[in-house]
Amino acid sequence: MKKYLSGLFASAGKKLPYLNGIEINIDVPKIESHGDLSVNVAMLLTKVLKKNPREIALEIIESFEIDEDIIEKVEVAGPGFINFTFTSQFVSKIISEIINKVDRFGQSDKYSGKRAIVEFVSANPTGPLTVGHGRNAVIGDTVSNMLEWIGYEVDREFYFNDAGRQMRMLGDSVKQRYLQAVGDEIEFPEDYYQGQYIVEIAQCLKDEFGDSLREEDPEGEFKAKAQDVIFTDIKQTLNNIKINMKNFYNEKSLYDDGRIDDVIAKLKEKKLAYESEGATWFKLTELGMDQDKVIIKSSGEPTYRLPDIAYHITKYERGYDLLVDVFGSDHHATYPDVLAGLQALGFDKERVKVLLYQFVTILKDGEVVKMSTRKANYITMDELVDEVGSDVVRYFFIMRNMSSHLNFDIDLAKKQSDENPVFYLQYAHARICSMLNLTKDESMEYSLDHLELLVAPSEKNLCKKLHKFEEEVLFSAENFEPHRIANYLEEIAALFHRFYAECRIIGTEKSLAEARIALVIATRIVIKNGLSILGLSAPERM
RNA sequence: GCGCCAGUAGCUCAGCAGGAUAGAGCAACGGUCUUCUAAACCGUAGGUCAGAGGUUCGAAUCCUCUCUGGCGUACCA
């Protein structure tokens, strides 16, 4: 519908030159009597033309060559809006397109040929994935899906660090538990990883090696075993919520490849790194930032900035056009350093898109749950998925704007009832499948020959919303706003349920019934496609 | 102190590519199944869009300030 209007204004521009070169905003009015689409261009032109906006609007309307099969009515309203009402015939045509494209409907090829890498989760393997990681995981995977829908070839990647302090602590923790397991009476330090999984890993080592590891370095067999067990578990957890990473990128390889040294050398070459107080500093003040930061500590260990820069360079080198990073809001102060580094080394930082999401507050029994991996005070993703299922978990994490704090109410998520919004969408899909089974039993088929019979308000409203799917997917993907898809689907489902309440198929005159079946099939396709973008199942019965 | 995010109905949140009378779900109240799934639909009630200025023909939406909450502001990641 919007495309048609854009064309209409483009050709009107030939007669009214002032229409050329200005952007035509096409809006959906909130009030039904204001038509299907509305344009405010006349009001924007008052200043330039020094004329009353309603006069301008009238002049524009007169210049249109209207096809009456498409546009039913054009009128000037309010302070100078131009309101368009489309014919039912035109509006319902979308059904043919949807039924034609099926699971490709909503996809676009705007970015085809482009490659994107989405880095997400990226948790160090010190413990199981918790509900705290959930929002990151679901945002990353859903954004990846959306990018695929607009043409990108997307690789999902998990970046991790198996060196460093946290992992050292992990090895120490396992060793302590092991010593306890082989009978040593020692006290387990309070600041070590407290989780039960550490005890289990230690038990495994005891079963395998007996007490022969008493003198083993914590960073040897202990750390290796822990990392192995925990990573296997993390992969399984991701799999449980339908996430498949293409790569797990180990920070360590950046050292082995000499990439870390390379970055240092290049920064020094550009006079952007210097030594002071035993450490190596990154001269961020040179790049317009507030203060210089340490990139290599006096201990000789780099800070996160250095490997992060080196890692991102590999992404450019691997040929990605778009580099998406999904981070919690606690990273907001750190990534600009990395971007500045990339830019200084000649990489286009505009290709990096950092998605920052706000933290999740977990509510259980009406209370806030404070989580910490080290203190073993957490709810794991697996526990949650076992209780409520992958669909509910994914939906809860994606249904809100990522820039807003999210309350995750575990008790609400557990309810298999109408209080749980994900069922609203799935129920619409299941209801449709059930209807279609029934019409099939009655030997009724869909037909695209009489779609113009779909004139009831609930039919027209549903069709109008179906028109917007492709645009919605494109806009959501380009703006990295996955929650919009969830909102859109809730609207489609609501319109469908209303249609269901008002319009019947069985017992209706044949050609209208056939048109309605077509509408229902089209709706099913859109709901199913939308659910698939969100990584949710589309159940055929509930 | 400085920076980022947020503040919209009792609760959880949409809306924020400036538009006409601010929405949904839940919770409350009332109605709708002898015919396609009542996990649904219809209706009632509920608001100083945190507050104050400003820009504009027009502001929940953009700008400034204030207040409140979250997160940062490391030789942790």
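Hydrogens, waters and symmetry mates play no part in the numbers below; they use all other heavy atoms, side chains included. Bear in mind that the values here come from a model prediction, so they are computed numbers and not experimental data.
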Handout entry: Within the 6.0 Å centroid threshold, strictly below: A:Phe158 and A:Tyr249
Key = no
Exercise for the section: Would you indicate whether A:Arg168, at its atom CZ, is surrounded by more than 12 heavy atoms from other residues, nucleotides or ligands within a distance under 6.0 Å? Expected result: yes
Exercise for the section: Answer yes or no: does atom NZ of A:Lys51 have more than 12 heavy-atom neighbours from other residues, nucleotides or ligands under 6.0 Å? Expected result: yes
Handout entry: Which residues share a ring pair (Phe, Tyr, Trp, His ring centres under 6.0 Å) with A:Phe120, sequence neighbours left out
Key = none
Fill in the blank from the handout: With sequence neighbours left out, the residues meeting ring pair (Phe, Tyr, Trp, His ring centres under 6.0 Å) with A:Phe359 are none
Produce the list of close N/O pairs, under 3.5 Å, pairing protein atoms with atoms of nucleotides 73-76 of chain B; give distances to one decimal.
residue, atom, partner, partner atom, Å
B:C75, O2, A:Ser298, N, 2.9
B:C75, O2, A:Ser298, OG, 2.8
B:C75, N3, A:Ser298, OG, 3.4
B:C75, N4, A:Glu277, O, 3.1
B:C75, N4, A:Glu277, OE1, 3.4
B:C76, OP2, A:Lys297, NZ, 2.7

Exercise for the section: Sugar-phosphate means primed atoms, P, OP1 and OP2; the rest is base. With that split, encode nucleotides 11-18 of chain B 5' to 3' as B, S or - using protein heavy atoms under 4.0 Å. Expected result: -BSSSSB-
Handout entry: Test log, rule side-chain hydrogen bond (donor to acceptor under 3.5 Å, both in side chains), inputs A:Tyr311 and A:Glu157
Key = CA-CA 12 Å; A:Tyr311 172 48; A:Glu157 190 158 288; 2.7 Å; yes
Problem - Pair assignment for RNA chain B - dot-bracket with | for other-strand partners, Watson-Crick or G-U under 3.5 Å - result: (((((((..((((.....[...)))).(((((.......))))).....(((((..]....))))))))))))....
Exercise for the section: Provide, to the nearest angstrom, the distance between the CE atom belonging to A:Met435 and the C1' atom belonging to B:A40. Expected result: 12 Å
Exercise for the section: Please state how far atom CD in A:Glu490 lies from atom C1' in B:G23, giving the value in whole angstrom units. Expected result: 12 Å
Exercise for the section: Establish, with yes or no, whether the OP1 or OP2 oxygen of B:A20 is under 4.0 angstrom from a side-chain nitrogen or oxygen of A:Lys30. Expected result: yes
Exercise for the section: Measure from NZ or CZ of A:Arg431 to the centre of the six-membered ring of A:Tyr500 and say whether it is under 6.0 Å with the direction within 45° of the ring axis. Expected result: yes
Practice task
Report the residues that fulfil ring pair (Phe, Tyr, Trp, His ring centres under 6.0 Å) with A:Phe86, sequence neighbours left out, ordered by chain and then residue number.
Solution key: A:Phe90
